[in-house]
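Notes for the one structure printed next.
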Amino acid sequence: MASPKKKLQGLVAATITPMTEHGEINFSVIGQYVDYLVKEQGVKNIFVNGTTGEGLSLSISERRRVAEEWVTKGRNKLDQVVIHVGALSLKESQELAQHAAEIGADGIAVIAPFFLKPWNKDVLINFLKEVAAAAPALPFYYYHIPALTGVKIRAEEVLDGIQEKIPTFQGLKFSDTDLLDFAQCVDQNRQRQFAFLFGVDEQLLSALVMGATGAVGSTYNYLGKKTNQMLEAFERKDFSSALNHQFCIQRFINFVVKLGFGVSQTKAIMTLVSGIPMGPPRLPLQKASREFTDNAEAKLRSLDFLSFNDLKDGNLEACS
Ligand SMILES: CC(=O)N[C@H](C=O)[C@@H](O)[C@H](O)[C@H](O)CO
Ligand SMILES: CC(=O)C(=O)O
């Protein structure tokens, strides 16, 4: 059994993997990155080597080193470090799960294998179970992201009876817009102390209403502070302020989505906002264009999302 652990809640930043211009991992900025999240964004949990971290584009040895660096640099600063250990090969996934346990991570998460795919719930659970068993003392999270894995088995089905199969099962990271499925996961498992972590940042408020206990996302790297204001407003039942915050966040995300938004663009935005160089993404992703970065910067300024902005421009549509 997993040792009883503090529940993962609040915002969890899906970390970017910083790279050099030559495409190597830039370990040297990770310490700075931890401080930035904690001090500037008020974000104390991270999700490493996931979608945003290009986890599936890294070698196994790189994934191990990245996980180690975040755990080391996050010690006594972060509340929880969850490592994504999903892979196409069960063996690799188990190796990464065991490694996460050895280095003292706080949890592991796994996506559905997405090349040769599990075609039903039972097969998917069997796969997850084998990975979880490689780290029997670590909280286990299922990472549901059907648009990217192509595995469309509903999360509600996966959760049905999962604790009997996977004793370390601790929660769900739900990256999909199907709020019926998400809400049913919450409704059917209320008595179990699971974490229900929502992963569509622009719709987080709707998920909070449905019972989300936290959120994992890419935008919490640079909009963590803003999103925390929304969580606080929701907490004190000030729904109109919470909605204003969500609309404000949506204005930015909607703007960049229309320009073409993904991991490459997240790297460019984070470089801009934090001042920490995230570098280019790795192939098959391509660096965000200069045009994208310029437009995103102008939008961030007008929404007052850039803390070091020059005030002389005035804020055209800053939301409180
Ligand atoms: C597909 C993807 O990367 N989703 C991220 C995490 O689950 C989100 O944080 C999005 O980046 C965000 O919601 C913006 O669409
Ligand atoms: C967004 C997210 O959770 C990920 O990058 O995996």
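Each ligand, and each atom within it, is numbered from 1 in the order the structure gives.
The shortest N/O to N/O separation between T51 and ligand 1 does not fall below 3.5 Å.
Close approach to A14 involves these atoms of ligand 2, each under 4.0 Å from a residue heavy atom: 1 (C), 2 (C), 3 (O), 4 (C), 5 (O). Every atom of ligand 2 with a heavy atom of F47 under 4.0 Å away is listed here by number and element: 6 (O). Residue-ligand proximity, V216 to ligand 2, at heavy-atom distances under 4.0 Å covers atoms 3 (O). Interface atoms of ligand 2 facing T52, defined by a heavy-atom separation under 4.0 Å, are 1 (C), 4 (C), 5 (O).
The closest side-chain donor-acceptor pair between K173 and S175 falls under 3.5 angstrom.
Residue G199 holds the heavy atom nearest to atom 4 (N) of ligand 1 of all those in A13, A147, G199. Here atom 7 (O) of ligand 1 lies nearest to S175 when heavy atoms of G50, G262, S175 are compared.
Contact analysis leaves Q203 out of contact with ligand 1, as no non-hydrogen atom separation drops below 4.0 angstrom. Taking 4.0 Å as the cut-off, F261 counts as a neighbour of ligand 1 on heavy-atom distance. At least one heavy atom of K173 lies less than 4.0 angstrom from ligand 2.
Residue F239 places its CZ atom among more than 12 non-hydrogen atoms of other residues, nucleotides or ligands, all under 6.0 Å distant.
Here the straight-line distance linking atom CG of N189 with atom CD1 of I162 works out to 9.0 Å at 0.5 Å rounding.
Residue, atom and distance of the protein heavy atom nearest to atom 4 (C) of ligand 2 are Y143 OH, 3.2 Å.
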